[in-house]
Structure formats: C-alpha cells, structure tokens
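Just below is one structure, and these are the notes that go with it.
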Protein chains: 2
Amino acid sequence: MKISTKTRYGVRAMFELAKNYGSYPVSVKTIAQRQEIPLSYLEQILNHLHKAKLVRSVRGPGGGFLLAKRPEHIRIIDITHALEESIKPVFCVDEMAEEDQCKRMDGCVARLLWKKLDEKIKEVLEGTTLKDLCEWAKKFSSTVEHEFIFHI
Amino acid sequence: MKISTKTRYGVRAMFELAKNYGSYPVSVKTIAQRQEIPLSYLEQILNHLHKAKLVRSVRGPGGGFLLAKRPEHIRIIDITHALEESIKPVFCVDEMAEEDQCKRMDGCVARLLWKKLDEKIKEVLEGTTLKDLCEWAKKFSSTVEHEFIFHI
DNA sequence: GACAAAGTTGATTATTTTTATAAGCTTTAT
DNA sequence: ATAAAGCTTATAAAAATAATCAACTTTGTC
C-alpha cells in the first residue's frame, strides 16, 4: 500500500509549479534541484504530466514548465492518474465480469472491503487540489515563524 | 497503491476461518482449495498470522487452523500488520526526525497530504472486522437468493 | 509402534515492478 | 550559429513480491 516514488516526485514537482503559478516557466533542472529529484527521471515524469495535459511546456532558452490549469482545478488524483496505472487498492474494485475475479461469493466479500477502502482513498485524492497544498504551505510557514518569534 | 497478493490471500484465508468459527480446525489444504491460493504460499501466510497470534494451530491428523479470537475482535488492520511491513502510503507518515525526510517545508506539505490519506485508510481497516465480512456475506447471499426467486 | 496427516521452518528461485540512467533528438531565443 | 531548454525511447539496475521446495516435527489412529 505504498504511493510510488514516481507519484511522490510528481506531486512535489506539481507543487513547485503551483507555487510559481502566474509567473515564468520553471525548468526541469530547477525543479529537480529544489525538490532533489533525479533529473532524467523527472523529465519522464513531466512528460507523463504533459500528456495528461496537466502541464504546459515552453521550449528553448528560458523555457520550462507551467501548470496547464489553475491550482484549484488540479486535484491530486489527476496527478496519480497520470503517473500510476491506477490507485485502486486491488485490480478488481470496479468493472470486470464477476467470473474473472473469484468464483464464489466469498471473494466478493473481500471485494466489498477493498471497494470501501477505494472510496475513502478517492475521497482524499479527489478532494485535495494543488491550491490546498499551497494554502497548507502558507499556514505551515506562518506557524513556524510564530514559534520562532515566540522562542526569542 | 496496491494491496499485496499476500494480504489479499491472508484476508480471504481469515474469512474462511471466520466462517468456520466455533467448529473444527480447517486445514491449510482445505483453505487453499476453497480460496484457490497456492498451498505453500498459504502455509507461509498462516505462519505469519500464527506468529501475530491471530490464529491457533492444531497439529496432526484432523488438525488445521482456528481463529485465535472471536471474529468481531479481529480487524482487517490486524491482518495487514501481520502480513505487510506497514500500510502507510509513504514511509514518512509518522515518527522520524524531520531532517531525514525532506529538507524544506515543501516536502512536509506533501507529507500532510499523505497523512490525511493514511488516516482515512486506517479508518477503514481499523473499522472493519471479520465479523463484518461474515455479515456482508450473509446479506450478499440473501440478495442473490432473492434475485433468483424474483427472476423465476 | 508404524504410518499418515497435518503444521513448521528456512532457503532459494522466479517474476514483476519500480527506479534510474543514458543517449540522441527537436525546438527556439539570442 | 549556438546554447538552453524540452522530447523520446531504450536499457540497465535494484528492489519487492510471489512462489516453490525440501526437510522437519507433532500427533491421532490402527
């Protein structure tokens, strides 16, 4: 039940672009440095995000990547969809003929469990956008500042 | 974000034992046949569940496995704990010095997200017991029966 | 007491997935 | 023209997962 490194990198890269929303493109190199992600791997990841139309690219010197939509319109689940086959906890959560997954009703009981789990996971990933992350970041940094002042 | 096959097998095996609760031991062979799980792999799995004290074993002819507690006292998360290192979506959800996971607050914003996800996952896995599965199974089979009658 | 039915254990192999690297390409601002 | 950027695909390396195997111990029954 692990989120893949690829997706974790992807979310962080998208967060980096979200912070920069409305400004100049950010190069892969810059993102890689800021987020400490292997450059070539990040290129691949951004390509996937590009194909999923979550980012826009600008080629040539001064180029880089930009969010393709406003941060509040990019949900975490959009990122996971672009980078993982699926976030379903088991392959059989939806679709498929019943016969393919398990021959008895028994199997389906387990499936009900995984379905319940799947719904909750979706709730979180569909309910969180890049804007939320940016707001959390603001809140977090102001907390740190406050504590800092307090301790002096 | 996949539940491992090992855990899926484990849940199904435990369900098989739960259905049989209060009766004779069920042999690994029987469980393997009923649930179509590779025998030797299932042996390993039951060993883990044994070490985690979720099942009791009876050796010798007529032996097999029994639940070590009542179905309502065995939660799905107990099974995942016995069979996977952890169900956390990322390694850094809890504990660890902040320095180990990411150098900037940025990283921690992602962490807040994964933490939120972790909580929801736990809610489901802690909130579901083997008894629930058994009840779902009853409800499900009665539904099927009803539909059957309806179609005649 | 012999035998067979069961669980116990640990080593090993096989497979798949994930992560990462590399190389060569195209586009474009200056 | 050149260099800074993105684009693409192939491949390697590493890790995790799944499965198999072999040899062992316990115990009920005849």
Side-chain angles (χ1 to χ4, degrees), chain A residues 1-13 16-17 24-33 35-68 80 82-91, chain B residues 1-13 16-17 24-33 35-68 80 82-91:
Chain A
M1 275 299 276
K2 289 275 174 284
I3 289 283
S4 70
T5 299
K6 187 190 262 179
T7 296
R8 288 191 293 109
Y9 286 168
V11 169
R12 281 158 56 192
E16 206 55 53
L17 295 182
Y24 300 114
V26 187
S27 73
V28 181
K29 205 171 157 188
T30 303
I31 299 173
Q33 282 167 352
Q35 290 289 338
E36 298 177 277
I37 298 171
L39 182 68
S40 318
Y41 199 24
L42 185 56
E43 274 177 346
Q44 277 179 46
I45 291 168
L46 282 165
N47 254 272
H48 285 296
L49 294 169
H50 194 188
K51 274 175 194 154
K53 301 191 177 160
L54 298 178
V55 299
R56 245 177 59 214
S57 73
V58 179
R59 287 175 152 216
F65 287 91
L66 298 162
L67 288 192
T80 67
L83 299 177
E84 318 211 353
E85 246 216 82
S86 96
I87 36 83
K88 293 174 207 162
V90 296
F91 65 96
Chain B
M1 278 296 276
K2 288 276 174 286
I3 290 284
S4 70
T5 299
K6 188 192 260 180
T7 296
R8 288 192 292 109
Y9 286 169
V11 169
R12 281 157 56 191
E16 206 55 54
L17 295 181
Y24 300 114
V26 187
S27 73
V28 182
K29 204 171 156 189
T30 302
I31 300 173
Q33 283 168 350
Q35 291 289 338
E36 298 179 274
I37 298 170
L39 182 68
S40 315
Y41 199 25
L42 184 56
E43 276 176 347
Q44 272 181 51
I45 291 168
L46 283 165
N47 254 272
H48 285 295
L49 295 168
H50 194 190
K51 274 174 194 153
K53 299 193 180 161
L54 298 178
V55 298
R56 247 177 58 213
S57 73
V58 179
R59 287 177 152 214
F65 288 91
L66 298 163
L67 290 191
T80 67
L83 299 176
E84 317 210 355
E85 248 216 81
S86 96
I87 35 84
K88 293 173 206 161
V90 297
F91 64 96

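Each chain gets a letter, A, B and so on, in the order its sequence line appears, and its residues count up from 1.
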**Asked** Is there side-chain contact between R12(A) and Y9(A), with heavy atoms separated by less than 4.5 Å?
**Response** yes
**Complete:** Q44(B) has its side chain closest, among dT20(D), dT9(C), dC7(D), to dT20(D)
**Closest contact, heavy atoms only, L83(B) versus G10(B)** = CD1-CA, 3.7 Å
**Asked** Hey, does the side chain of N47(B) come within less than 4.0 Å of dT9(C)'s phosphate (OP1/OP2), counting only N and O?
**Response** yes
**Message:** Side chains of E85(B) and F91(B), heavy atoms from C-beta outward: is any pair under 4.5 Å?
**Reply:** no
Between N or O atoms, less than 3.5 Å apart, protein on one side and nucleotides 25-29 of chain D on the other: list the pairs.
residue: dT25(D); atom: O2; partner: R59(B); partner atom: NH1; Å: 3.4
residue: dT26(D); atom: O4'; partner: R59(B); partner atom: NH1; Å: 2.2

**Request:** Would you check if S86(B) and K2(A) make a side-chain contact, meaning some heavy-atom pair closer than 4.5 Å?
**Result:** yes
**Item:** Non-hydrogen side-chain atoms of F65(A) and S57(A) separated by less than 4.5 Å
**Value:** yes
**Pairwise side-chain contact, I3(B) with V11(B), heavy-atom cut-off 4.5 Å (strictly under)** = no
Scan nucleotides 14-18 of chain D against the protein and return all N/O pairs shorter than 3.5 Å with their distances rounded to 0.1 Å.
residue: dA18(D); atom: OP1; partner: T5(B); partner atom: N; Å: 2.9
residue: dA18(D); atom: OP1; partner: T5(B); partner atom: OG1; Å: 2.6
residue: dA18(D); atom: OP2; partner: T5(B); partner atom: N; Å: 3.3
residue: dA18(D); atom: OP2; partner: K6(B); partner atom: N; Å: 3.4

**Prompt:** If you look at every heavy atom in V58(B) and P25(B), which pair is closest and at what distance?
**Reply:** CG2-CG, 3.9 Å
**Prompt:** Given atom CG of L83(A) and atom P of dT19(C), what is their separation to the nearest angstrom?
**Reply:** 11 Å
**Prompt:** Could you walk me through whether L46(A) and I31(A) pass the side chain to side chain contact (heavy atoms under 4.5 Å, CB included) check?
**Reply:** CA-CA 10 Å; L46(A) 282 165; I31(A) 299 173; 4.2 Å; yes
**Asked** Roughly, in whole Å, what's the span from CD in E43(A) to C1' in dC25(C)?
**Response** 12 Å
**Item:** Gap between atoms CD1 and C1', on I45(A) and dT8(D) respectively (whole Å)
**Value:** 15 Å
**Message:** A side-chain contact here means heavy atoms from C-beta on lying under 4.5 Å apart; do M1(B) and M1(A) qualify?
**Reply:** yes
**Message:** Please report the distance, rounded to the nearest Å, between CG in L66(A) and C1' in dG6(D).
**Reply:** 13 Å
**Message:** Using whole Å, what does the distance between atom C1' of nucleotide dT19(C) and atom NZ of K2(A) come to?
**Reply:** 17 Å
**Prompt:** For dG7(C), does either OP1 or OP2 sit under 4.0 Å from a side-chain N or O belonging to H50(B)?
**Reply:** no
**Request:** With the side chain of K51(B) defined as its heavy atoms from C-beta on, choose the nearest nucleotide among dT9(C), dT8(D), dA19(D).
**Result:** dT9(C)
**Item:** d(CZ, F91(A); P, dT16(C)) in whole Å
**Value:** 15 Å
**Prompt:** Nearest-Å distance, CG (L39(A)) to P (dT19(C))?
**Reply:** 18 Å
**Message:** In whole Å, I'd like the distance from the CG atom of L46(B) to the P atom of dT9(C).
**Reply:** 13 Å
**Message:** Which residues in residues 24-32 of chain B have a heavy atom closer than 4.0 Å to any atom of DNA chain C?
**Reply:** V26(B), S27(B), V28(B)
**Complete:** Between F65(B) and L42(A), whichever has its closest DNA chain C nucleotide further toward 5' is F65(B)
**Item:** Heavy-atom pair of closest approach, residues L66(B) and L17(B)
**Value:** C-CD1, 4.3 Å
**Complete:** Which of V28(B), T5(B), L42(B) passes side-chain contact (heavy atoms from CB on, under 4.5 Å) with I37(B)? Answer is L42(B)
**Request:** Check K53(A) against A68(A) and note the closest heavy-atom contact, atom names and distance.
**Result:** O-CB, 3.5 Å
